[in-house]
Amino acid sequence: MLYEIQTYGKDVLRTKTEKILQIDDNLREIVANMFETMYAAEGIGLAAPQVDNSIRLFVIDLAPIDEEEGRRVFVNPKILEFGDTQDEYEEGCLSIPTIKEIVTRPTSIRITYQDMYGKHYDEEIDGFLARVIQHEYDHLEKTLFIDHLSSLKKSLIKKTLKKIASGEIEVEASENFEL
Ligand SMILES: [Zn+2]
């Protein structure tokens with residue numbers, strides 16, 4: 001089942017997310033639907049608030065850009081540490097169509113999370129996956145990638161954001177590997 005992707009301006013993107021207490025078939029169905037929704041939009045990452053669900057869950061599949069990577073599910077993730085080095089990358093977001101901006105982020109993280117069967121993990125992750133995780137994790141923290149921009153950059157995209165919020169610009173599948 002495809003979910004509707006919530007775009008900039010929707011309250012759910014700025015709503016506190018709840019810890020997932022029941023890791024069951026219902027959750028696994030949500031995960032399956034989120035992957036389906038993400039693939040349909042040609043995204044590589046999708047967080048639950050983007051599909052109108054305020055729970056601590058996101059999914060990632062970097063296979064389109066990294067053959068070694070496949071589906072990953074993060075339930076109740078917690079980033080414990082950020083590495084010292086940072087890099088820049090032009091990010092996009094399925095919830096903020098047409099806007100792409102350079103965002104500076106740490107290149108490595110240490111994260112704990114559960115999978116969709118409740119198993120616990122504690123991992124150090126670096127490279128592009130670390131960036132995508134931070135972008136999706138931000139969604140669980142009510143943060144959007146545009147929040148990381150300078151006030152000058154923010155003022156330059158203000159008009160486009162208004163158009164997204166008013167529904168003039170809608171989500172379209174693109175091949176830009178958005179998050
Ligand atoms: Zn996003």
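These numbers come from the heavy atoms of this one structure, side chains and all, not from hydrogens, waters or symmetry mates. Counting from 1, the numbers follow the sequence of the chain as shown. All of these numbers come straight from a predicted model, not from anything done at the bench.
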Check: residues 43-53 side-chain donor-acceptor pairs under 3.5 Å, at least two apart:
unit_1: Gln50; atom_1: OE1; unit_2: Ala47; atom_2: N; d: 2.8
unit_1: Gln50; atom_1: NE2; unit_2: Ser95; atom_2: OG; d: 3.0

Trace of the side-chain contact (heavy atoms from CB on, under 4.5 Å) decision for Leu2 with Asn33 = CA-CA 6 Å; Leu2 287 180; Asn33 291 338; over 6 Å; no

inquiry  = If you count heavy atoms of other groups shown closer than 6.0 angstrom to CG of Asp11, is the number above 12?
reply    = no

query = Looking only at heavy atoms, which two atoms of Thr37 and Ile5 are closest? And how far apart?
reply = CG2-CG1, 3.8 Å

key: Single-linkage hydrophobic cluster, 4.5 Å side-chain cutoff, Leu13 and Leu94 together   = no

query = Is a side-chain N or O of Gln134 found less than 3.5 angstrom from the main chain of Ala130, in a donor-acceptor match?
reply = yes

request  = Go through His135 and Cys93 one step at a time and tell me if the side-chain contact (heavy atoms from CB on, under 4.5 Å) criterion holds.
outcome  = CA-CA 9 Å; His135 177 115; Cys93 178; 3.7 Å; yes

ask   = Distance from Arg72 atom CZ to Asp115 atom CG, nearest 0.5 Å?
value = 11.0 Å

request  = Kindly say whether Asp61 contributes a backbone atom to a donor-acceptor pair with the side chain of Arg71 at under 3.5 angstrom?
outcome  = no

query = Is a donor on one side and an acceptor on the other found under 3.5 Å between the side chain of Asp66 and the backbone of Ala63?
reply = no

key: Results of side chain to side chain contact (heavy atoms under 4.5 Å, CB included) for Asp87 - residues two or more places apart only   = Thr107, Arg131

request  = Report the C-alpha distance between Glu29 and Met1 in whole Å, list the side-chain angles of each, state the deciding distance to 0.1 Å, and finish with yes or no for side-chain contact (heavy atoms from CB on, under 4.5 Å).
outcome  = CA-CA 9 Å; Glu29 196 180 323; Met1 183 196 131; 6.0 Å; no

query = Going by the side chain to side chain donor-acceptor pair (under 3.5 Å) test, which pairs reach into residues 149-158, not counting sequence neighbours?
reply = none

request  = Would you sort out whether Val103 and Glu88 count as a side-chain contact (heavy atoms from CB on, under 4.5 Å), showing the intermediate values?
outcome  = CA-CA 6 Å; Val103 181; Glu88 296 182 334; over 6 Å; no

query = Should Val73 and Tyr3 be counted in the same cluster of Ile, Leu, Val, Met, Phe, Trp and Tyr side chains packed under 4.5 Å apart?
reply = yes

query = Can Glu141 and Arg14 be counted as an ion pair, charged N to O under 4.0 angstrom?
reply = no

key: Set of residues satisfying side chain to side chain donor-acceptor pair (under 3.5 Å) with respect to Tyr8, sequence neighbours excluded   = none

query = Is there a path from Ile65 to Ile60 through hydrophobic residues (I, L, V, M, F, W, Y) whose side chains come within less than 4.5 Å of each other?
reply = yes

ask   = Ion pair present between Glu91 and Arg105, side-chain N to carboxylate O less than 4.0 angstrom?
value = yes

query = Which pairs pass ring-ring contact (aromatic ring centres under 6.0 Å, His included) with one or both residues in residues 63-87, sequence neighbours excluded?
reply = Phe58-Phe74, Phe74-Tyr113

message = Could you check whether atom CD of Glu123 has more than 12 heavy atoms from other residues, nucleotides or ligands sitting under 6.0 Å from it?
response = yes

query = Under 4.5 Å between side-chain heavy atoms, hopping through other hydrophobics if needed: is there a path connecting Ile99 to Val171?
reply = no

inquiry  = Other residues, nucleotides and ligands only: do more than 12 of their heavy atoms fall within 6.0 Å of NZ on Lys163?
reply    = no

task = Might you work through the side chain to side chain donor-acceptor pair (under 3.5 Å) test for His148 and Asp138, ending with a clear yes or no?
result = CA-CA 10 Å; His148 294 285; Asp138 271 355; 2.7 Å; yes

key: More than 12 heavy atoms from other groups under 6.0 Å of CD on Glu90   = yes

For Ile23, side chain to side chain contact (heavy atoms under 4.5 Å, CB included) partners two or more places apart = Ile20, Leu27, Arg28, Val75, Gln114

